[in-house]
Every structure is written in structure tokens, then in C-alpha cells.
> 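Input: one structure, supplied below.
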2 protein chains.
Amino acid sequence: MVTGGLGFIGSNVACRLADLGADVLAVDAMMANCGGNLANIAGYEDRIKVDRTDLSQDANLDRLVEGRQIILNCAGRVAHYDSMVNPIADLDSNVVAQVNLLEACRRSAPQAAIVFTSTRQIYGKPQNLPVDEQHPLRPVDVNGINKLASEHYHQLYHDIHGLHVVSLRLTNTFGPRMRIKDARQTFLGVWLRAVVEERSFEVWGGDQLRDFSYIDDVVEAMLLAATVSACWGQIYNIGGTPPVSLLALAEQLVQIAGTGRFERKVFPAERKAIDIGDYFADDTKFRRATDWSPKWSLEAGLAAALDYYRRYLDCYV
Amino acid sequence: MVTGGLGFIGSNVACRLADLGADVLAVDAMMANCGGNLANIAGYEDRIKVDRTDLSQDANLDRLVEGRQIILNCAGRVAHYDSMVNPIADLDSNVVAQVNLLEACRRSAPQAAIVFTSTRQIYGKPQNLPVDEQHPLRPVDVNGINKLASEHYHQLYHDIHGLHVVSLRLTNTFGPRMRIKDARQTFLGVWLRAVVEERSFEVWGGDQLRDFSYIDDVVEAMLLAATVSACWGQIYNIGGTPPVSLLALAEQLVQIAGTGRFERKVFPAERKAIDIGDYFADDTKFRRATDWSPKWSLEAGLAAALDYYRRYLDCYV
């Protein structure tokens, strides 16, 4: 079972599971602006069952979780600025929905391994770099507060109710099937779209250092987390490429694409207030537990993403 | 304005404000088992206005907060075990309600000082004693997760929206107007009731060390937090008496009362799982900021509480 299974990360993991021969149920409410897109499972329609239940609106999700071996819990809202404008919507999707799901698992799927897609956002502005799992948790926006509460719930349902839960704190993740219509699912989506459409994009600030995970590496990490039982009950950072500045990233993207251009802009005040500045992860703990390491370089990942959106642009704009 | 204004802490602060001549609005939904009790404002009916709005069910609380100078935000559920049984009810009261309130303040009461009654529960099992505000935050039950999220919201609305917010992390608070019907609002309530009714009570475990705040000291701390502008934007522990073991507390209570007896019991397993063990606060930060210190000894506080429930037992059982 994959929650948010028609969204960016969820659909990638659902398709991978289908390729592996699994019986896959993708649950996705297709909420506006959240990345759910039927095009994400094109070619997989006969191998992925789809259920449109909104997890936040249904306290009886037992029918969905019963008998499932693995639950990849990718559902949620990710847009930081939207969360400040409508905190209750973010709370519904990122906390209420998660509690409903965990309660159903407690009652009806205690056997399932549950992987929760947490986020680096819960650390807030890093006090030191790279950031490991011991770093203080000081979310700087509503989305971060709600994702942290949800991670706490996941850990609690492991500690108290014995569910097999793993939380992965992801960094900027990119690749095929992501939302590129606007910046709600990372700024990199808008950049990719602009480059493919041969338009100019904006770099806000530009000095911020970030690491980037290519989606296939994240999917691999999620499947390991679900199946390596030593991971259950643990929280792990998932990092990616060596950190680059956003300016260097923009230059690399334009160079790889052979098209596009960008302008540097001052960070808009209302976004700057909730920006976390530099971030890159120390993911030693997960590498040691699973022998995982990212296989994709930033260059190869950007090239693969560009190739995907050049072919399927119509489905994402 | 006092949210949870008919409950234990809320009614005490509302009555104190009325004594000081303030125009007081007590908002309280009188949720079952949460401590709201009209007897708590007996004698103050003409000086405290009451509104029965459920903050979690109303996204437009602007009419309540408009023009208020001070908002003492005491509404919420406090029962740890109940929160594990019905997490969504706890989430509604302790997070959704708080977000609705903060959103109304952002729109319609940016001038108000807001004091949030947070809790030591958000620290989880202490790693070191006494616990200061830098201690890691690792809630061990649903109530702790939700109170932590709510505290994060309060801080965010200070940091981003400029509201004048102070969070006070209270420890075991006791005194007149608390709920004593059962153990939902600290075990001490049941103990007090048993002693007044000359029945036996149970001490679960008994070696746990705790500190106790008498309600009048907490009310004083809340009024200082609201009015000393240097406190706004800060988070403070509020401590109390020197730590005592629960066994020593039980012995002291029986001795002061001259009635009652108790039995030591093994901690029930489902409660032990969410117990935090020893706790006592380092509240140096708040003492330095305000010159506050607790005025009530444990002995004097217990005597005052016993005297209150002997007179008004009928209103609380």
C-alpha cells in the first residue's frame, strides 16, 4: 500500500513495487496542488489498484490496511508557504490523516512495515552542518510543525503499540513524476519546467547550500527501510549529492539542458522568513544500517529528469 | 480573555483577574472530563462573562479576541491515558483549537499578550535532572505530541506574525478548583478526594520524584508572563516545591489531613508505558526574567486544597 500513491514519491515507489511483482494499492485523494497525477502511473494501470479515499476524512481505514505487508506512507502536503496561509488544511493532511492511518494499522495491520516520509524541514535552520539525527528539532513553518508531530506519532505507535515503523527524513528530492507546475514541490520543479519550455527562471538568493536526492535513490532507501527489520523503530536522515549552492545548481541545469536562462532575485520577504538557509544531511546512520548509498550523481539525475519532462511535459503543466 | 476559563487553571486566573478589576471573558466548551465547572466561578458570576464556544469547531474566533489585551490560553485536554485511547479528540482540542485561536489573534488581536499553558510532558522521560528549557523534546504520549505541536505553533506565530506569545511549561499543578473526580487531572486530585471522603487511595509506584506548583503561584507566573514584555517570544519552565517522592507526598497528605490512608500498588502496565519517571524543573530562566518565585510550600498548599474541598466537595464529585 502506498499513500499519496499518485503523487511524486508515492507513484515512483508504487511503480517500482509493481515492477517487482507486488500487489500494489495506491491511495490518493488527488488534492489540488499536491502532486497527485494519473499520468504518474501511465502504463501501470493494470498493475496498480487506485483508491481515492481522503485519509483525513475517514476514521475507519481498516479496510485499506488489512493484510498489507508494507505501507509506504507518502501522503501529505509539502508546500511551506501554503501551510502558513492555510494551517488547518496542512494539519488535516499531515497530522489528522496520519493519526487515522496509524490507528487503523494498530487495529488491523500490526504486521505491516510502515515507512513514513518525514522531512529535513523539521530541523528548522541548521545550527551546524552536516545535520545528523541528533540535531535539535525547531520547525520554522506550519508544514514543519505538522510533519514533526506526525513523525512523533509514528515513533509513538512503534514504542507503545509495537508497529514496525521507520521514519526517513528526506532532503530535496527530484526526478520524474514530480510536480513542476509551480514551486509547491521544491523550486527545482519550476526550474525544470522553465528550462524545458526554454523560458527564464528565477533564483531566489542563490548562496544557499543544499543536497539533492534523485528519486530512484529515495525509492531504494524506502524499500530497504521497510524490509531490513533492524531499521524498524528508527529515524534516519536520507541525504544525497554533495551540497551545491542554488546558483551552481542553476548553472549546471542550464548547461546540461543546453537551453534556458535564469535571473538572480532577492528572496521575497514572506518566503525568506520561513527559509532554512543552508542544509545538507549526515546520513551515516542509514548507510551503516543498510549499506545504502546514493547511486545517482546530480548531473545524471538532472539529465534524466530533463529527458522525462521533455517527453511528457503535457502531463505536468 | 481566558480559554478553558471554567477549568482548573483557567478559572483561577479568571477569578484573580476579576479581583484585579479586569473585564474578563471566560471561554469554555465544558467538554466532558476536562475540568470545566460552573462552581469554579461561584461568586464571580457578575464579573466574569462566559462564552461556551468550542474553539476546535469554529474557524472564526475573531469576535472573541477582538480588543483583548491579555489572552490566557488554558483550554485543552490534559489526560494522558485518554489521549492514547482517542488521539483525534486530543488533537482537536490541543492543536486544531489552538490554531483557530492563533489565526484569529493574527487577524484581529495582534496587540494581545498571549500566555500558553504548555507542559513538562513534552520533555518525555528526563535525560537529566533538573530539566531546563534546553532539554530535548521527546513526548511519550499523544497528549505530549499535541501539546508540543501547539507550543511550536505559538512560537511560530510570535516569530513570523509578531504576536506577543509566552509559553509556560507547567509541572504538576494543584489547588482549589481542580478536577478531583478521577485521575484525569493529575493523580493528586483522586488522592485529595479520597482523603476528604476518608477513603483509601492508591499510590502507583511511589519512588517517582516530582515537583508541585500551587495554583496561586502559577496564576502569578501567568500574569507576569503576560505583562513583562521581555518575556514575549520566550519559553519558560515553571517549577514549584523541592522534589518529593510520591510516597513522601502521600504520607505528608495523610498527615496534614489527619484522615485517609493509602496502599502502594505496582504501576499498571498500560500506564507505566507512558509514565515519565522522575521529573523536576529548573525554572531559573523565569525567575531571572521576572523575579518570580513560588510563595507556597507544599504543606501550605496541601492544607489550603484540603480546606477547599472539605467545604465544596459536593461541587466536585
Side-chain angles (χ1 to χ4, degrees), chain A residues 56-60 80-81 83-92 94-104 106 122 124-125 127 133-157 159-162 235 269-275, chain B residues 56-60 80-81 83-92 94-104 106 122 124-125 133-162 235 269-275:
Chain A
S56 74
Q57 299 299 312
D58 191 338
N60 293 293
H80 303 303
Y81 184 69
S83 79
M84 300 298 293
V85 176
N86 193 344
I88 293 289
D90 196 272
L91 183 63
D92 276 342
N94 286 328
V95 188
V96 177
Q98 304 297 320
V99 174
N100 285 340
L101 179 69
L102 288 165
E103 278 285 287
R106 178 180 67 76
I122 66 178
K125 293 189 205 322
Q127 293 180 347
E133 293 86 353
Q134 300 306 310
H135 187 284
L137 303 171
R138 295 189 182 155
V140 295
D141 62 24
V142 166
N143 183 259
I145 293 173
N146 291 335
K147 290 292 285 189
L148 176 54
S150 188
E151 188 189 282
H152 279 142
Y153 269 104
H154 279 79
Q155 292 312 115
L156 186 74
Y157 275 67
D159 296 346
I160 304 292
H161 300 305
I235 296 171
E270 79 280 10
R271 307 259 175 171
K272 181 75 186 170
I274 59 171
D275 186 57
Chain B
S56 74
Q57 299 299 314
D58 191 338
N60 292 294
H80 303 305
Y81 184 69
S83 78
M84 299 298 292
V85 176
N86 192 345
I88 293 289
D90 196 272
L91 182 62
D92 276 344
N94 286 329
V95 188
V96 176
Q98 304 296 322
V99 174
N100 285 340
L101 180 70
L102 289 166
E103 278 285 286
R106 179 180 65 76
I122 66 178
K125 294 188 205 321
E133 294 85 353
Q134 300 306 309
H135 187 283
L137 303 171
R138 294 186 184 157
V140 295
D141 61 23
V142 166
N143 183 258
I145 292 173
N146 291 336
K147 289 292 285 190
L148 175 56
S150 188
E151 188 189 281
H152 279 141
Y153 270 104
H154 279 80
Q155 292 311 113
L156 187 73
Y157 275 67
H158 167 268
D159 296 346
I160 305 293
H161 299 305
I235 295 171
E270 79 279 11
R271 306 260 174 168
K272 181 75 186 170
I274 60 171
D275 185 57

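The figures that follow rest on heavy atoms only: side chains count, while hydrogens, waters and symmetry mates do not. The chains referred to below are lettered A, B, ... by the order of the sequence lines, with proteins before strands, and numbering in each begins at 1.
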> Partners of B/Arg106 by salt bridge (Lys or Arg N to Asp or Glu O under 4.0 Å), sequence neighbours excluded?
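Only B/Glu103 meet the salt bridge (Lys or Arg N to Asp or Glu O under 4.0 Å) criterion with B/Arg106.
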> Can you say whether A/Glu270 sits under 4.5 Å from chain B via the side chain, the backbone, both, or neither, judging by heavy atoms?
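Neither part.
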> Given a strict heavy-atom distance threshold of 4.5 Å, which part of B/Pro136 is in contact with chain A: side chain, backbone, both, or neither?
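It is neither, since no heavy atom gets under 4.5 Å.
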> Would a 4.5 Å heavy-atom cut-off, applied to side chains only, mark B/His161 and A/Met84 as touching?
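Side chain of B/His161 against side chain of A/Met84, heavy atoms only: contact under 4.5 Å found.
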> When you look at A/Val95 and B/Leu91, which way does the side-chain contact (heavy atoms from CB on, under 4.5 Å) test go after all the steps?
CA-CA 9 Å; A/Val95 188; B/Leu91 182 62; 3.7 Å; yes
> Search all heavy atoms of A/Ile145 against all heavy atoms of B/Ala149 and return the closest pair with its distance.
CG2-O, 3.7 Å
> Where do B/Val140 and A/Leu156 come nearest, in terms of heavy atoms and distance?
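Nearest pair, atom of B/Val140 first, then A/Leu156: O-CD1, 3.1 Å.
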> Taking all non-hydrogen atoms of both residues into account, name the closest pair between A/Ile88 and B/Asn100 and its distance.
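So the two residues come closest at CD1-OD1, 3.7 Å.
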> So how far is it from B/Asn146 CG to A/His152 NE2, rounded to the nearest 0.5 Å?
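One gets 11.0 Å once the value is rounded to the nearest 0.5 Å.
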> Considering non-hydrogen atoms only, spot the tightest contact between A/Ala273 and B/Ile160 and give its length.
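For A/Ala273 and B/Ile160, the tightest heavy-atom pair comes out as O-CD1, 3.5 Å.
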> Given that the side chain runs from C-beta out, which part of B/Gln134 has a heavy atom under 4.5 Å from chain A: side chain, backbone, both or neither?
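Only the side chain of B/Gln134 comes within 4.5 Å of chain A.
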> Is there side-chain contact between A/Pro139 and B/Tyr153, with at least one heavy-atom pair below 4.5 Å?
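When only atoms from C-beta onward are counted, B/Tyr153 and A/Pro139 do not touch, as no gap falls below 4.5 Å.
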> Does any backbone or side-chain atom of B/Val142 lie under 4.5 Å from a heavy atom of chain A? Answer side chain, backbone, both or neither.
both
> Is chain B contacted by the side chain of A/Leu137, its backbone, both, or neither, given a heavy-atom distance below 4.5 Å?
backbone
